Every structure is written in structure tokens, then in C-alpha cells.
Amino acid sequence: MVILIDTNVALDFLTMRKPYYDNAREVIRICAVEKVQGYIAFHSLPNIFYILRKSYSEIDRRKMLRKLCFVLRVTGASHEKVCDAIEYTEFSDFEDCLQYECAEEISADYIVTRNVQDFRYSKVKAVTPKELLDVVKAR
């Protein structure tokens, strides 16, 4: 199984954000033990680095990114996919559209996000961390 982890789930894990941390941690864990092949979009990394700037030092933020990249593979979208995303107006949030294009690029089975409704036009099924864990458990 191949998954793309949305920025919000990565942030839940890195910041131990309650009540989301436990499920986010378990998603990262199943990627670490290779039950699932986990990816994170290239553009999520600078977003995470920027979002955490007020709460964490540069050194700590780099450690956090290193931790993610140790477990998750980084993927991007091709020039054509980015151009497609620019024109894909069904997504209200351009960043979510880029997440979708990255998921397509790796033929992901799922996009793991807390904002499933933001991906209602995605051809890649969006699931919450809990829903993914239920799918993995059922296998």
C-alpha cells in the first residue's frame, strides 16, 4: 500500500498535537516498519518549516524534517502536474490540489489527512489517519 501523508498529519505527529497525535504517530510507525510505503509531498517540507518557526528553533525544525525524511519518501509533482493543478479549479485550496497531484505521481492508494472533505474531487481516496489504521488492521 502506498500513501501520501498530508501536511496536517505530519504536523500532528511532529508537534504531538492532541487529540490527533496518537493516530498520526501510528501512521508514521506503520510506515517506519514498512507495512505501508509512506510519502510526503516536497512542498510540505518548507510549509512545515515555516509554520513551526515561532515555536521551534531552526535546529529543532531541521531535526523534525530529518525525522520525517528518515521514515517517509519525498515526492514531487512534474511540471505538467503542477500546470494541471493550476487549472484544476474544483479544489478550493491550491496546496490540497498539489497534494493530490503528488499522490497521483506516486500512484498512491490513499491521501492521509484530517481534512478529507478538501479532497472530495480527488481521484485518490482521502482518509483520516484512523480510517487508514482500520484498513491496515483489516488486511
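Position 1 is the first residue of the sequence, and the numbers go up from there. No experiment lies behind these values; they were computed from the predicted model shown. Basis for what follows: all heavy atoms, side chains included, without hydrogens, waters or symmetry-related copies.
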*Side chains of S92 and D118: do they bring a donor and an acceptor to under 3.5 Å?*
no
*Side-chain donor-acceptor pair under 3.5 Å between Q99 and S44, yes or no?*
yes
_Neighbour count >12 (heavy atoms, 6.0 Å) for atom CE, M1_ = yes
_Starting from F94, can I reach V116 by hopping between I/L/V/M/F/W/Y residues whose side chains sit under 4.5 Å apart?_
no
*hydrophobic_cluster_shared for L11 and V127, side chain cutoff 4.5 Å*: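 Both belong to a single hydrophobic cluster.
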*So, is the end of the R61 side chain (NZ or CZ) under 6.0 Å from the ring centre of Y56 and within 45° of the ring's axis?*
no
_Test: R53 cationic atom under 6.0 Å from Y50 six-membered ring centre, within 45° of axis_ = yes
Polar side-chain atom of [X] near backbone of [Y] as donor-acceptor pair, under 3.5 Å:
X: Y88; Y: Y121; value: yes
X: D109; Y: V2; value: yes
X: R25; Y: F13; value: no
X: R120; Y: Q117; value: yes

*With the threshold set at 4.0 Å, does a side-chain nitrogen-carboxylate oxygen contact exist between D6 and R114?*
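No, D6 and R114 are not salt-bridged.
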*Among E87, E104, E105, find the residue that satisfies the salt bridge (charged side-chain N to carboxylate O under 4.0 Å, His left out) test when tested with K81.*
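With K81 as partner, salt bridge (charged side-chain N to carboxylate O under 4.0 Å, His left out) holds for just one option, E104.
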*Would you say the ring centroid of Y100 lies under 6.0 angstrom from that of F119?*
no
*Could you give me the CA-CA distance, side-chain angles and deciding distance for R29 and E26, then say whether salt bridge (charged side-chain N to carboxylate O under 4.0 Å, His left out) is met?*
CA-CA 5 Å; R29 189 192 71 74; E26 186 61 16; 2.7 Å; yes
